[in-house]
Structures are given as structure tokens and as C-alpha cells.
Colleague: 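Handing you this structure, nothing more for now.
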Amino acid sequence: MDLSFSKDELAFRDEVRDFIAKNLTEEARRGQRLTPSALSEKAVFGSWHAALYRKGWVAPYWPKEYGGAGWTPAQRYIFESELGLAGAPRLLPFGIHMVGPVIIKFGSQVQKDYYLPRILSGEDYWCQGYSEPGSGSDLASLKTKAVRDGDHYVVNGTKIWTTHAHFADRMFALVRTADTPKRQEGISFLLIDMKTKGISTRPIITIGGDHEVNQVFFDDVHVPVENRVGEENKGWTYAKYLLEFERGAGFRASGLRRELKELRELIARDRAGSVAGDESLASRLSEIEIDIDALEMIELKLLSDVQAGRNPGPVSSVLKLRGTEVFQAITRLGVDVIGHNALVWEPRRPLYGLNEPAVLPEEELAILPAHLDGRAHTIFGGTSEIQHEIIAKQMLGL
Amino acid sequence: MDLSFSKDELAFRDEVRDFIAKNLTEEARRGQRLTPSALSEKAVFGSWHAALYRKGWVAPYWPKEYGGAGWTPAQRYIFESELGLAGAPRLLPFGIHMVGPVIIKFGSQVQKDYYLPRILSGEDYWCQGYSEPGSGSDLASLKTKAVRDGDHYVVNGTKIWTTHAHFADRMFALVRTADTPKRQEGISFLLIDMKTKGISTRPIITIGGDHEVNQVFFDDVHVPVENRVGEENKGWTYAKYLLEFERGAGFRASGLRRELKELRELIARDRAGSVAGDESLASRLSEIEIDIDALEMIELKLLSDVQAGRNPGPVSSVLKLRGTEVFQAITRLGVDVIGHNALVWEPRRPLYGLNEPAVLPEEELAILPAHLDGRAHTIFGGTSEIQHEIIAKQMLGL
Amino acid sequence: MDLSLSDEQRLLGDAASRFIAGRYSFEARRTILQSTEGFSREIWREFADLGWLGLSVPEEFGGLGAGAVETGIVMEALGRALVVEPYLATAVIAVPLIAELGSQQQKAELLPPIVAGKSRLAFAQAEPQARFALDDVATKAVRTSVGWRLEGRKDVVLGAPWADHLLVVARISPTQRDRSGIGVFVVPSSAAGIVRTDYQTLDGGRASNIVFSEAAVPTDALLGGSEHALPAIEKVTDNAIAAMASEAVGCMQVLLETTIAYTKQRIQFGKPLADNQVLRHRMAAMAVKIEEARASALNAVLAADADPLTRARAASSAKVKVGRSGRFVAEQAVQLHGGMGVTEELNVGAYFKRLMAIDIIFGSPEFHLQRHARLSRQQAA
Amino acid sequence: MDLSLSDEQRLLGDAASRFIAGRYSFEARRTILQSTEGFSREIWREFADLGWLGLSVPEEFGGLGAGAVETGIVMEALGRALVVEPYLATAVIAVPLIAELGSQQQKAELLPPIVAGKSRLAFAQAEPQARFALDDVATKAVRTSVGWRLEGRKDVVLGAPWADHLLVVARISPTQRDRSGIGVFVVPSSAAGIVRTDYQTLDGGRASNIVFSEAAVPTDALLGGSEHALPAIEKVTDNAIAAMASEAVGCMQVLLETTIAYTKQRIQFGKPLADNQVLRHRMAAMAVKIEEARASALNAVLAADADPLTRARAASSAKVKVGRSGRFVAEQAVQLHGGMGVTEELNVGAYFKRLMAIDIIFGSPEFHLQRHARLSRQQAA
């Protein structure tokens, strides 16, 4: 058992660090810091995506033949940690972590040839059409219909919680293509051009004041049959495959560590010392750091299992559950740290785009919205309650 | 709205205080302090029971004709508060709060005449035969059988968690007298002389090291039919009536306040100051005191509702739930306060009976066992989970 | 001892409920929030008509002379509807501060216009360095030949954009953290030397950061001529905390009701969400927290006129208990509403934010827990 | 980077599991506890035969020269079985302390008998006033013409009734809280001037309070002649904390397994307890806490030989995380076992108590949280 990196791994880490130093602009870092919602906008991540693309690091976990980097799990961990610690914008997961792997595994050759390069280059901006009003955690209850009409499907219905639908070029969507007694059957997986006639979006503003998610309406939207991935009515299989990817997506500890570090810096800036000298605050910071240490070790063990070819089990549910809770604890502490300044509401969005001075100093600007928007972390991507259910079933056999 | 007491109420409080000053011996207080389990033994509460008996205050809430005091709810509150703050031993509830009210409401005249005076005088020491191995919170699943044989019931089976069965003269027990599809039917309520042939008891030692509860076995135990309360197979009705009494039994806040006070005194005794100067400890003490303040106000509102003839609703579940949690928080803090002394195990019992010096100073002697035995508080008398169930159903209509 | 409401108090509560139900729906509130001013002068007039603005004003100045219990009743109703109008700043803080400290003449000048709904005040107390400590006052009041000159900065003055007068806490003695040498100055919002930066607040209200720079005020601007105003400030803030605690209980109660209704009707995996035992128990836990918060708020309300130590402990207790309860209830309400709970589409988020604001105003639960511990040590000593 | 066990480590773990399963059932343990001595010399011999007593003893003194990972593996197994034999005091504390501090001669004298199972030691460190602070040492070592004289009092010396030698931490410099001027003395338990009060401990073990009164020891009793033993003491206790954290994980794992089994078979209201969603999620929460505790313990184990600051932070982290997790898991295991959980009839209570003891030994989670915060500030500075 050994936590230290090998010489090769250290060399790789240096390469990553060097790459970050040369390509991650201060502007991108600032944009990420001032993004209170889960994902940043293209104005923030764009230059970073382009740099990664030039380096061939946009989708390093894809098979090499499709543009992956062929890394070991340790390299993967190093890469994600360094990015997290550096405060790099997260690339959008919809293409890279979601529809990409599905196309690689289940798509036709034509689909692979067309879509995968466009994901890597960033030419296609994807969004995800899964949830519907009324479906919530019960995804299989979706109602959006796709009726076959010649070589098209005619899609009617609505999707909700569609992150960045207002920016996206394409959506991968689950639609109902047959009414079957078992709801998981009769679902198909479509790739939809967002410019198609009949698609409209409605912004949904979060309690943090941000426009990140939308409701998308389909009104007789014609989608070519060749835009279906895999077989008709087998979409649930592909969706489940994707969800596994989503759940295992990414190591969070390093990002949390950076967020905690920023909080410590904020406290250190307190000149009057009334915050910095608060014992209970110091204890709460330590409590969170201890949580992060544990999370990171769970991540490392997961990695180690993957490296050794062992099945790590449903530990990704543990990481999702605790990672989101720790994130919420950090943002809550942030709110406590800035005291009455947390009463100040900055209505102008996006925060990184503010070009006249705000009431709050910049380092306090995202604290309140991040706390508010952050309440969603224990809801989206499988609520904490669902994670408990998964752990009880899959880990404990209950 | 007014929290202050009327002149009459103040006079009554003085009477209670005066009575306590004159009759509550230091020995009884010490015995109570050194009792880590829920109820003290006769050697502790005996003199106090006798004094209350002389004053006519053993069962003040019984109807006056049976020996009650005819108090207002405010008087009742004052009485219990003063006793709690003074650290008086609790009288055993089994006669006074449990079987007594059942006999008063459902018993025959002969039963009333015989049993009630003996409860008041303390001549009869009662225990409760409800739970059985395997029944847990699901009381109606009880299996102990009573088969009619002439003018006797022949009882076979076993009861568990029988507090002080090893001291008791009598037990009130629920037994199955008929096999009916609805389990709540077919249960009868018997008064059993513990000296009857065929009864044996087995001590159950708690994790705190105390002998408070027992398992009781019935092997062809003959109980005269006239010892049945009310009708045959209607015992569940009487049991439910009794449970209501048990749940509403007593105001706890004042007792918790005294326990917290004792803890503060223990901390103040710390000469090195390493405990007393601990900020986090001070915060935890305040946190508990704030809880107690809230509990006391809930009690006062309950009292006020009763006084005004309003139905207070299932607020007794709130009090049970939070009262036991606060108690556990106090004992846990106690363990933290005495530091490594909490590793010392005192095997000799009862603690108040120790006549040679213990390893620990007397004021630390009950801290650990009280913490351990105290884990039972959220289990017995309706688990915390059951209280949540009751609140969800009865308070929220869920 | 009697904890039941008087007939008058019950009538007040009923009237408040009726008003809220009829005049302050969530949609009506949204319209108010989106208006330029951000509050409704009409609603304010109705408050005056209902007598609420004079609730705690002594009768000789046109008020009802009522106490903390009545204020709590109104505040709970305002909490249920998330009223944004500056009732707290004017009726709960300014009025008792003037009544406690002001000279007879000041009261006669300032109180009747408040009762009539013609004047709104704001309490300029918090400062950037102070972190909720009421005795940490850096804003200076320097005596001049014609009165006073104010110098300094006040942060997050709630309701200041809507106020005609500010009550400015300033230090007359030179030492920054001295319990004496603090005064409260009545200053017209439009006075020279005052620069206000107005903004929205977390809970939909408005507030300002205010810089005083050679702001000259006359001699009689000092309330009651008192240079020892801190005890009155402490009393008024403690009682404002009690009133906000009642408001918070109103917020929590609505959140619980909303959550119950939502989980009963929302179908997931073929059954109502409320069929999940975990959620049922969660809502039971919310109900328990609310019972405790209500009790703690009542404790603080009933201690409004007690000795300073009892009052301060009860207020800090309420801050802690209501803060903890409010957090839990709000977070769980959001969580149980799922995605919709984190959007502006439902009112859940608005209640969440108001409860957060209540948590922050006059100090976080952590601050008050430490204050409580300090007061307990004082009491023991 | 590689977190998988080596083949040897896996074999060690398998052997430990087999031993525990075959030789240390709960009934066997009960018999040991009720024996006069309160521990089993036979089991101790078997520990020696298995090589566990020499696990961390350098090879030149007959040990295996293994590290913290191996110790953790054995400790987790001991935790699963609630082994009362003083493995911690002798193999986890005394051995590395001697190895760190002792002279070649002391090591050669003291270590081989330990490896052979012929010697057991106890660590006389804690004092009544110190409240877990390792540098707070009031017991004095006064130089005499023939060696040293020990004066003072040690509390809760774990395993002392079973030890032939004590390792006594004593102050050579006059200032009570000085980081230097502290030595560790090897003292035969039977030496003159030592009065021991033996007693049972919370977790079924034995310990003593010890008074040293003119206890004369020879010059070479001072380990390594070092008057600056504190860093070694800190290292050894940090590593003992890591080892106990592994033990705690073993305890927790059994409690979870037991609770799952119990709730599956226990029928209430016509269905297994485990059908209650609330209890299922509770057990999931227990599992999550165990995952975290396991990770934190591993962190501390892997930091055993890191620089002092990293090591200390990892140990204090483990104390906090394992402490919190252990509390939760133990309390919920008791709660979910209902009445039976609070009796001596099941093993649940015994695990509860061992986890409590682990919580207390070398300092409560609260103490270590504050230490962690202090160390974080040091690191930042």
C-alpha cells in the first residue's frame, strides 16, 4: 500500500501542471469562481476547452481510437485532481461524459463519425432530455411521445431541468415510442437538433437567481429516424448505461479542497479579525477538511479497485451523497463568514459578466448564490434519498 | 398571556418547597443522584414515598374521592417542577400512573377498595406485564395465554423488560384469552400476585451494569377470575387508556434542568480549568439549555391547553421524543466532561449502596452508567421511530 | 400563569390572517417585488388603517400601547405571507427605540406620523467590522458648535431606501468598544453628507450601505439626549429578535403545510411521495422543530419586559433555536419539493430565503450561542 | 500509487480472520472477561505464535519489522472480535516507543521478551489535570545520586494490572508545559514506591491509577537517555490512534452486519423490521459512515511515517471522523436492536462500549478537532 506516485506518474503530473499554467487563463478561473451554478457558460469554459482540444485531453477516458488518451486510472486521478485544485472550469459533461460514451457503445458508424469529433472540438453543444415535469426521480414514467411517420419520428411533449438548453445545439432525449405494460420498455434514445422547428424553451430561474436550466417543449418536432441511437424501444438500456457514467463522473475531493481553500483565504482577508479569531469557525473548517480527506481516500480506493480490475461496488453513491453534503457545508460556512453581507442580493447575471462594480467585493459575490443554487446538488443526479435507497439495496442487500 | 404565577399559586409553591425542605432527605437525594437507571429502588424512594403519603400527595392527580389532591394543572406543574429541581426520587409509576387509573376507571368496587389504598400507602409494589420477547413496539402481538379453568385463569408464557419484577408484589398483565383474527381482541387485563406458584424471574443486566429489568416466566400460574379488570377480551381498551397516561406522564424539563445544573457544577469543580475554559463545552451546555427552555415552554402550553379544556393533540410525543434526546445529550456531555475517567467501570451495584470508596469520586460515579442505560430512553415507552410515526399520523395527517 | 390568548389578541390574529389571505397572495407579493419601489404604499396604508403601525406606540401618541405578544401575533402572520414591507424596521425597531429613548417632544414629533403610515424609519446600526456586536460602534458623532457631525459607515440598513428618517447609532465616547458613550441620532434620509447605496436583499426587500461624511445634524437629533443608549438598543434588538422569531414560525408553518400538500399529491414510482416512510418521518421531524421554535419564540416574546439578563438569554435562545429549526425546515422543504424547490417558480425558495435572512439579521445562531454561553457565565458569577 | 494489499498483507488478514473466528467467539470472550485475571494468557501466547507481538519489532530483535498497514490489519480483526488482551498497550504503543527511543541495549533487553509473549507493558502517560494534552506532564523525575526518583500520579493506565513493566512519562525539566524536558522511564510494575489501584474498564479491560511516591529507578531506566522524548511520544500516540481507528472500523463493521441480520429476521407489525424504509436508510447511513471511517483510518495509517504535521493532522482527522462515525453506528445499532440492544445479553452493547473507549483514549473527537484546527493554523502560518 502506497500513496506516493511513481516517477512516471510524477512526470505526468508535472505535464498537467505545466499545461494548466500555460493554458488556464486568469479570466477562465475568475469566470469559474463567479459561477454559482453547477456548470459554467461557454464564455467561461470556451478557451479552456479549446486548449484541451489542442492537447487531445477533452475526453481522455474515451477509447483511444475515438480520441481518448489511454490513461491509467492514476493518471486520470492526477488529471482531475490538478484541474480541481487549479479551479479550472468543468467542461460540459453532456457530450463528453454522457452522449459520447453512449454513441461509442451503441451508435452507428455514421453517428460515431459525425458526432464524436464535433463533441471533442466543441462544435456541438449538447443538452440532456431526460426528466419531465412529473417524472422526478422516477425517470421511467416519462411521457414525451415519438410517433413514427415515414423516416421521421414526430415528437410531442416536454422536458424539464434541461441544463443549458438555451445554449445547446443538440439534445439527446428519451422518448416513448411504444405503450408497453412495463414502462422501461417502449423508450427510445434520440439525438435531436435543437434548431428543428417546433422546439421552444422556457427559462427556469433558480433560487440563486441564475438561468441554468430550462423547460423544453416539443410541438410536432420531426426527428430523422437515423438520429435514433441503437434499437427502437431499447432506449432504457442506453440510458442506464449513461447514468452509470454520470454517477461515476469525476473526482470531487480536489474541487472541494479548492473551495475550502478559497473560504480560508476569505477568512484570512478579514482585517478586523472578528471572523478569523472565531474558534467555532476554525473547528467547522477542520470538520469539513476532515470530510474531504475521507472523501479523497474513498476516491483513491475506488481508483485503486478500478486499476486492479475489481468492481468497486456502489461506492459512487457514497461519493455523490457525501460530496454534495460537504459542498453544501462549505457554501453554508461561506454564508456565515460574510455575515450581514449575505443579505445583499446581486440581481445582475451572469456574475462573471458584471462590468460595473457590485455592492459586494468580488470574492464575496458568488457566496450567497452558490449556497442557494447548491441546494440542488442533493436533488439532481439522484436525490440523497435515492442514494440511500441504492446503498441499502446494492451495498447492504436490504 | 402571562408566565407569572398567581398569589395562590405562589403560596402553593411555597408549601411544596417547604414540604421538600422538611421531608426530602439528603440520603434520598444522594440515592437518586446515584441511580443511573430510569427508576430508583425502594431504599432510595421509600422515605420520600412515605412522606408524600402522610401529606396525601402520592397520587395527587387521582380523583379526590380516591385520594387525589384536586389540583389545578398549574399546581400540578408547580409540584412536578419543584420535585424535579429538587432532585427528588421519582415514585414508581406502575401503581400510581398506570394500574391505579385503570382500576379507577374500569375496576370493580372490590378491586378499588382493595388495591387503591395499598398503592397510596406503598404496601403494594407493582410491576407491568406488557412486553414479550418478540413483541417490541408491536404490543398487540403478545402470546402469553390465560386459559379459563373454573374460577381461575391458568397463565402460561413470558413477559420481558419487567422493571423491578424482582421487587414487586403484584403485576398487571395483558394476556391472551381468545384467539381472534384481530389481534387486539382476545386480550384481557389481569392483576397477578407475584408470589403465586409458577412465577419465576430472570434478571436482565443493562449495558450500564444495572439490574432494573427482568424476564418473568409463567408456568401454569393460577390467577383468580376476580383479578381480571373489566371484561374478558377487552383488555386492549384498558391498555390503551393506560398508555395514554404513560405518555403524558410527568413534566420532564425541570428534571433535565437539574441534571444540567449538576453537570455545570461538575465542570466548575474542575480545578485545573482545562474543562471549564473550553469554549466548545460552554456552547454545548448552552445548546442543551436552549433545548430545555423550549421543552419547558411546550410543557407549559400543554398545561395551558389542559387548563382551558383544549385538546393538546399528540404533543406528548414531541415531549417524549425531544425529552429523551436532550437527556441523552446531557449524559453524553457528562462523559466528555470527565474525560478519561469515563473509562473506569464500577462493577458494584447499586451505586448508592457502595460502602467502601470507589475509584471515581462520587459525583462522577453515575455519569457513565447513566449514559449507557440512557440509550434505552429512546427505545422504551415507544421508540423514537414510533413517536415520529405518531406525529406524522396524528399531527400531520400523513 | 396563563398562556391562552385574550379575546383581543385572538381578534388581532384573526384579522391578520384575513388580511394576509385576502391581500397578500404570492402573486400579489410578486407584483410588489417587481415594482420600481419594491414595496407597496397601499399595503402600508392598510397597515396603518389596521392599527398595526401603532401597535406598540403608547396610547398618548395615538397608538394602541400593546406589547410583545401582539407584535408577535402580527409578525407571525406577516411571516406566513412573506410581507416585504418594512414593518420590522419601522414598527418593531424604530417605534420602541423612540419610545424608550426619545424625549417627550421627539416622541410627539416622530410617533404620530408612523402611526398614520406617513413615516417610515430605518435602523442604521450594523458596521462592517462589528460582526453583530452591538457595542462595537466605529461611526463617530462629533460635537460641533451647532450640533453633531456624523462620520462613518453603516452596512445593510434594512428598509433605508423607503425611509424618510434614519436612526443612526453612533459613538460619542472615543473608545470603540465601550458600553457607554453611544447615542442614537434621528437623521433625515436626505440630509447632506449622507451617501446611500441602495440594493435588493436576499429576501426580496431593499437595504442600503450608507456613508456619513461630515453629515451635520442639530443638537436635538440625539434621541433623548442620551449618551448611554446601548441598554435601550439591546432591549429593542432583543425584542426585535423575538418578533422575528414569531415571523420565522409563520414561515416554517407554511413550508410544512406546503410540503405535506406537495408530497401527498406528487406521484412517484406509482405512489404519492408521502407514502415513503422516510419522508413522512422527515416531515414529522419538521413538525417537531416547528413546535420547538414556536416555544422558543414565545419564551422570547414573554421575556420582552423581563430583567436584561433574562431577556437577553431568551432572545439569544430564540435566535439559536429558531435558526436551527428554520434551517432544517427550509432545507427539507426544498429537498422534498425536489427540482421545483430550487427554482423561483414555487414559493418554497422565497421562504427559504426569508428564513436565511432572519438567521442573519442581528447575528447568526452561532454568534448567539456564544452570547448565550457568555450570559450563562455572567449569571453563574 | 497503489492501495491494494500485498500478498503478505492479505495472508496476514486472512490469518487474523481465521484466528478470530475460531478462537475468539463472543462466548469465549465472556469466559475470559469473567476469569480472575480478566485476560487469557493462552490467547497471548497464540498472539506470539502468530508473530503479531513482534509485528512492528525490528527484525534484528526477533520481530517482523512490519509497518502501520500490518498493524492496522491485525487491529481491525481484533476490533471485530473485541479482543481484550492488551495488544494496543504492548504491541502498538510500547514496542514502537522502545524502538523509537531506546538504546540498543534497552531494545535488546526489552523487545525479545515481548515478541516471545513473555513480557507485557503498559503506557503510564495520562494525568488527572492534563486532559489529553501530551505535553502537560506533572509527574516528576528527579535526578538522584543513583538514578531517578519518580513522584506523581498516572491515571487510567491501560493494561497495567497485566504488565510486568510500565513506561512512565515524566518531566525532567521543571516547567509543567514545556515541550522539552520529558522522558520515558522503564519501570518494573513491582518496584518500590509504586501504588497501583486496579479496576475494570468500560470495555471489559483492566487498568490502574498509579501513584509514584519516592519511586527510585536506576539511571538506565530512562529510555535512550532522552530528555526530549515528546516527539517520539507524539508519533507513537498518533500511530496508536491510527491503529485504534482500524480497530474501530472492525467494531463498526460487525455492528452493521449484526443490525442488518437482526432487522431482517425480527418481525414487527407483521413484517421484518428491515422492511421499514426509515430503518433501511438508517443502515445505509451507517454504511456511509463506516466507509468514511475506513477511509480516514487508512489515511492515518498511511501517514504513520510522514512528517510530524501531516501525521498529526491525519491522526486527529481519524480521531474525529472515526469518533463521529463510531458514535452514530453504535447508537443506531443499539437503537435498531430495541430493548435487547441495551442489555448485556447481546454483543451490541459490548461493541458500543469499546467504540466509546476508543473515543476517549488519547482524547475525545472534540479535543482532536481543536488540535486539527490548531495544526491547520500552524500549517498556514
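Reminder, nothing fancy here: chain letters follow the sequence lines and each chain counts from 1. As the structure is a computational prediction, the values presented were derived from the model and not from experiment.
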Colleague: If we only count heavy atoms from C-beta on, is the C/Val348 to A/Ile207 side-chain gap below 4.5 Å?
Modeller: no
Colleague: Would you mind telling me which of A/Arg332, A/Arg183, A/Gln328 has the largest number of heavy-atom pairs within less than 4.5 Å of chain C?
Modeller: A/Arg332
Colleague: Which heavy-atom pair separates A/Pro203 from C/Glu345 by the least distance, and what is that distance?
Modeller: O-OE2, 4.0 Å
Colleague: Sort C/Thr197 into side chain, backbone, both or neither according to what part of it lies under 4.5 angstrom from a heavy atom of chain A.
Modeller: side chain
Colleague: So which atom in C/Arg327 and which in A/Asp336 form the shortest heavy-atom distance, rounded to 0.1 Å?
Modeller: NH2-OD1, 3.9 Å
Colleague: At a heavy-atom separation under 4.5 Å, does A/His371 approach chain C through its side chain, its backbone, both, or neither?
Modeller: side chain
Colleague: Which bit of A/Thr206 is near chain C, if near means a heavy-atom gap under 4.5 Å: side chain, backbone, both or neither?
Modeller: both
Colleague: Describe, in one word, how the ring planes of A/His340 and C/Phe132 are oriented to each other, choosing from parallel (under 30°), tilted (30 to 60°) and perpendicular (over 60°).
Modeller: perpendicular
Colleague: Examine whether an atom of A/Leu139 lies under 4.5 Å from a heavy atom of chain C, and if so say whether it belongs to the side chain, the backbone or both; otherwise answer neither.
Modeller: neither
Colleague: Locate the shortest heavy-atom distance separating C/Arg131 from A/Ile338; write the atom from each residue and the value.
Modeller: NH1-C, 4.4 Å
Colleague: What part of A/Asp210 gets within 4.5 angstrom of chain C, counting heavy atoms only: side chain, backbone, both, or neither?
Modeller: neither
Colleague: Under a 4.5 Å heavy-atom cutoff, which of C/Glu344, C/Glu366, C/Met340 has the most pairs with chain A?
Modeller: C/Glu344
Colleague: Side chain, backbone, both or neither: which part of C/Gln265 has a heavy atom under 4.5 Å from chain A?
Modeller: neither
Colleague: For C/Phe352, is it the side chain, the backbone, both or neither that has a heavy atom under 4.5 Å from a heavy atom of chain A?
Modeller: side chain
Colleague: Quick one: what part of A/Leu368 sits under 4.5 Å from any heavy atom of chain C, side chain, backbone, both or neither?
Modeller: side chain
Colleague: Counting distance only, does the side-chain N/O of C/Gln335 pair as donor-acceptor with the main-chain N or O of A/Thr378 below 3.5 Å?
Modeller: yes
Colleague: Tell me, side chain or backbone of C/Ala207 under 4.5 Å from chain A's heavy atoms, or both, or neither?
Modeller: neither
Colleague: Might you point out which heavy atoms bring A/Ala342 and C/Ile360 nearest each other, and give the distance in Å?
Modeller: CB-CD1, 3.6 Å
Colleague: Select one option (side chain, backbone, both, neither) describing which atoms of C/Phe269 are under 4.5 Å from chain A's heavy atoms.
Modeller: both
Colleague: Side chain of A/Asp138, backbone of C/Gln268: donor and acceptor closer than 3.5 Å?
Modeller: no
Colleague: With a 4.5 angstrom heavy-atom cut-off, is it the side chain or the backbone of C/Val334 that approaches chain A, or both, or neither?
Modeller: both
Colleague: What part of A/Val213 gets within 4.5 angstrom of chain C, counting heavy atoms only: side chain, backbone, both, or neither?
Modeller: neither
Colleague: Which atoms of A/Ser135 come close to chain C, meaning under 4.5 Å heavy atom to heavy atom: side chain ones, backbone ones, both, or neither?
Modeller: backbone
Colleague: Using a cut-off of under 4.5 Å on heavy-atom pairs, state which of C/Asp155, C/Asn276, C/Leu369, C/Asn209 scores highest against chain A.
Modeller: C/Asp155
Colleague: Which pair of non-hydrogen atoms, one from A/Ile379 and one from C/Gly339, has the smallest distance, and what is that distance?
Modeller: CG2-N, 3.5 Å
Colleague: Drop me the distance from A/Leu343's CG to C/Ile358's CD1, to the nearest 0.5 angstrom.
Modeller: 11.0 Å
Colleague: Is C/Leu279 close to chain A through its backbone or its side chain, or both, or neither, when contacts mean heavy atoms under 4.5 Å?
Modeller: side chain
Colleague: Do A/Leu372 and C/Met356 have side chains that approach each other closer than 4.5 Å (heavy atoms only, starting at C-beta)?
Modeller: yes
Colleague: When rounded to the nearest 0.5 angstrom, what is the spacing between NE2 in C/His337 and CZ in A/Arg375?
Modeller: 14.5 Å
